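It should be emphasised that the depicted structure is a prediction, and the values quoted were computed from it without experimental measurement. Residues take their numbers from the sequence shown, with the count starting at 1. Values below: every heavy atom of this structure, side chains too, minus hydrogens, waters and symmetry copies.
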Amino acid sequence: VQLVESGGGLAQPGGSLRLSCVASGTISRINAMGWYRQPPGAQRERIAGLPTGGSPNYARSVEGRFTISRDNAKNTVYLEMNALKPEDTATYYCTGLIKTSSYGRSTSEWYWGQGTQVTVSS
């Protein structure tokens, strides 16, 4: 299973960016997908999650500005980021709780993308 993010880049304060993450491989089911970020010199933090058939949830730092959504047919999760602030500068990672099956055995585990850089600066 691979998760590949795209859509990062440079944005001005108050601007917008949209991140995408596509999961590929031998996937039986995706139970949840989400986004984390890691600012320079800081720990990775969870910012948004969306379980399959469930409701989105957000960190306080991004609630009201960021929106997570999924296209289940495409195994893709999006993060629409509006009203960006310099403190949103970070490497953004997508993650997915994905079920795979092999030789009659199923396992579920969290997979991670390689990250995409978002820089908010004037």
Side-chain angles (χ1 to χ4, degrees):
V1 175
Q2 273 194 319
L3 275 67
V4 179
E5 303 100 335
S6 61
L10 176 65
Q12 291 190 341
S16 299
L17 284 174
R18 188 192 196 206
L19 306 183
S20 301
C21 173
V22 180
S24 63
T26 309
I27 297 171
S28 295
R29 175 181 168 84
I30 298 178
N31 293 311
M33 297 192 83
W35 291 92
Y36 282 67
R37 69 183 180 186
Q38 187 167 17
Q43 291 188 333
R44 193 175 297 189
E45 62 174 340
R46 183 177 181 276
I47 58 171
L50 183 54
T52 300
S55 300
N57 50 82
Y58 302 94
R60 287 185 179 181
S61 57
V62 305
E63 193 161 18
R65 300 188 298 123
F66 291 9
T67 301
I68 186 171
S69 61
R70 287 173 56 183
D71 184 334
N72 294 326
K74 297 181 179 179
N75 290 339
T76 300
V77 62
Y78 303 97
L79 186 68
E80 185 76 34
M81 305 186 294
N82 298 313
L84 284 164
K85 305 175 181 180
E87 50 264 42
D88 293 320
T89 295
T91 302
Y92 284 71
Y93 299 89
C94 76
T95 184
L97 179 57
I98 297 173
K99 180 180 178 181
T100 60
S101 297
S102 178
Y103 301 105
R105 181 180 178 185
S106 297
T107 58
S108 291
E109 58 184 285
W110 287 96
Y111 292 86
W112 292 83
Q114 81 288 349
T116 186
Q117 179 66 37
V118 171
T119 302
V120 183
S121 174
S122 55

Can you check side chain to side chain contact (heavy atoms under 4.5 Å, CB included) on W35 and V62, steps first, answer last?
CA-CA 11 Å; W35 291 92; V62 305; over 6 Å; no

With side-chain hydrogen bond (donor to acceptor under 3.5 Å, both in side chains) as the test, would you mind laying out the steps for N31 and T52 before giving the verdict?
CA-CA 5 Å; N31 293 311; T52 300; 5.5 Å; no

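Between L3 atom CG and W110 atom CH2 the span is 10.5 Å, to the nearest 0.5 Å. Once rounded to the nearest 0.5 Å, the distance linking CD of E80 with CG of L17 reads 9.0 Å. Between Y36 atom OH and T91 atom OG1 the span is 15.5 Å, to the nearest 0.5 Å. Note: Y58 OH to R46 CZ = 11.0 Å, rounded to the nearest 0.5 Å. Atom CD in E5 sits 5.0 Å away from atom SG in C21 (nearest 0.5 Å).
Under a 3.5 Å cut-off, the side chain of R65 and the backbone N or O of A83 do form a donor-acceptor pair. Judged by distance alone, the side chain of T95 and the main-chain N or O of Y111 form a donor-acceptor pair under 3.5 Å. The main-chain N or O of S106 is never found under 3.5 Å from a side-chain atom of S101 such that the two would form a donor-acceptor pair. A donor-acceptor pair is defined here as one N or O able to donate and one able to accept, closer than 3.5 Å; no such pair exists between the side chain of E45 and the backbone of R37.
In this structure, I68 and P56 approach most closely via the heavy-atom pair CG2-CB, 3.6 Å.
Taking the side-chain contact (heavy atoms from CB on, under 4.5 Å) definition, one finds that I27 meets it with V1, A23, I30, N75, I98, sequence neighbours left out.
Remark: Q117 CD is packed, more than 12 non-hydrogen atoms of other residues, nucleotides or ligands lying under 6.0 Å away. No more than 12 heavy atoms of other residues, nucleotides or ligands lie within 6.0 Å of CD in Q43, so this atom counts as exposed by the packing criterion.
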